[in-house]
Amino acid sequence: MTASVRPLIAGNWKMNGRRADGVALATELARRARSHDLACDLLVCPPATLLAAVAVAIADSPVVLGAQDCHTVAAGAHTGDISASMLADVGCRYVIVGHSERRTNHGEGDELVGRKAAAAHAAAMVAVVCLGETEAQRNDGATLSVVEKQFRGSLPASATADNTVIAYEPVWAIGSGRVPTNAEIAAVHAHLRTLARDARGGDSLRLLYGGSVKAANAAEILSIANVNGALVGGASLNAEEFWAIARSCP
Ligand code: PGA
């Protein structure tokens, strides 16, 4: 952990939850966050259908709101899409872009991800830019070159440490219960830190780890050098579990 960087614990709810579930989860997190001094920032990224209701549930609490994707332009004839400025209007301060499920299921590449991140910046939001290698790429010894290419290709010229967060998520670790070794995480995060110093963001760019983070492994992962928080999927759907992860921040 870089001492000067306040960690971020982000919950990616993915395509889960009816209104009652999402409001109950957000209400419980907000209740806890109002009465505890956390050592991290706490972010929830519900599906778009729940953003307005969750915004109400977390009002006047330290919990902040984010979305899971945005379009590259602010408005127009784009059926089914949602722009960053619309997300900001409903109370989002963050938006995830380039998650591996979008890269894989929707064919999103680095250039498009970079334009989405730029759209987030134009709407005064923080872009959480996801990257990470597949299992085949890791087996080929290509992990560092893959994440470097994604880092360079997915960060727009507007990216700074204040408006951008990187989430390193090995594709094979997402939802699988499998996690890289501490040394493997440390090696990727050290490389990302070097890239941040060379390219943009420097020492204060937040570098999250994501992929099968849960309460039982969070403290260990969050203590690795250059890990400035976590992007949590499945375990963020349970208030007790997600709260325990947030409390694991050093
Ligand atoms: P997981 O998902 O925590 O369920 O592995 C992480 C993510 O996809 O962001």
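One-based numbering, in listed order, for ligands and for the atoms of each.
Protein heavy atom at the shortest distance from atom 4 (O) of ligand 1 is Gly234 N, 2.9 Å. The nearest heavy-atom contact from the protein to atom 9 (O) of ligand 1 is Glu169 OE2, 2.7 Å.
Residue Ala173 has at least one heavy-atom neighbour below 4.0 Å for each of these atoms of ligand 1: 5 (O). Annotation for ligand 1: atoms under 4.0 Å from non-hydrogen atoms of Asn12 are 9 (O). The distance from ligand 1 to the heavy atoms of Leu231 drops below 4.0 Å at these ligand atoms: 9 (O). Which parts of ligand 1 touch Lys14 is read off a 4.0 Å heavy-atom cut-off, strictly below it: atoms 2 (O), 7 (C), 8 (O). Within ligand 1, counting atoms from 1 as listed, the ones closer than 4.0 Å to a heavy atom of His99 are 7 (C), 8 (O), 9 (O).
Using a 30° and 60° split on the angle between ring planes, His71 and His78 fall in the tilted class, from 30° to 60°.
A donor atom on one side chain and an acceptor atom on the other are found under 3.5 Å apart for Thr134 and Gln137.
Closest heavy-atom contact between Gln150 and Leu131: OE1-CB, 3.2 Å. The nearest pair of heavy atoms linking Phe151 to Ala199 is CE2-CB, 4.1 Å.
Under 4.0 Å is where a charged nitrogen must lie from a carboxylate oxygen, and between Arg34 and Asp60 no such pair does. Electrostatic pairing of Arg138 and Glu133 counts as a salt bridge here, judged by a charged N lying under 4.0 Å from a carboxylate O.
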Worked check of side chain to side chain contact (heavy atoms under 4.5 Å, CB included) between Ile174 and Ser212: CA-CA 6 Å; Ile174 293 174; Ser212 296; over 6 Å; no
Run the side chain to side chain contact (heavy atoms under 4.5 Å, CB included) check on Leu8 and Leu208 step by step: do they pass? CA-CA 7 Å; Leu8 173 67; Leu208 313 188; 4.0 Å; yes
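Looking at ligand 1, you'll find an N or O of Ser212 within less than 3.5 Å of one of its N or O atoms. Looking at ligand 1, you'll find an N or O of Gly175 within less than 3.5 Å of one of its N or O atoms. When only interatomic distances are considered, the shortest N/O to N/O separation between Gly233 and ligand 1 falls below 3.5 Å.
Ligand 1 is never approached by Ala235 to a heavy-atom distance shorter than 4.0 Å. The shortest separation from a heavy atom of Gly211 to ligand 1 is under 4.0 Å, placing the residue in contact.
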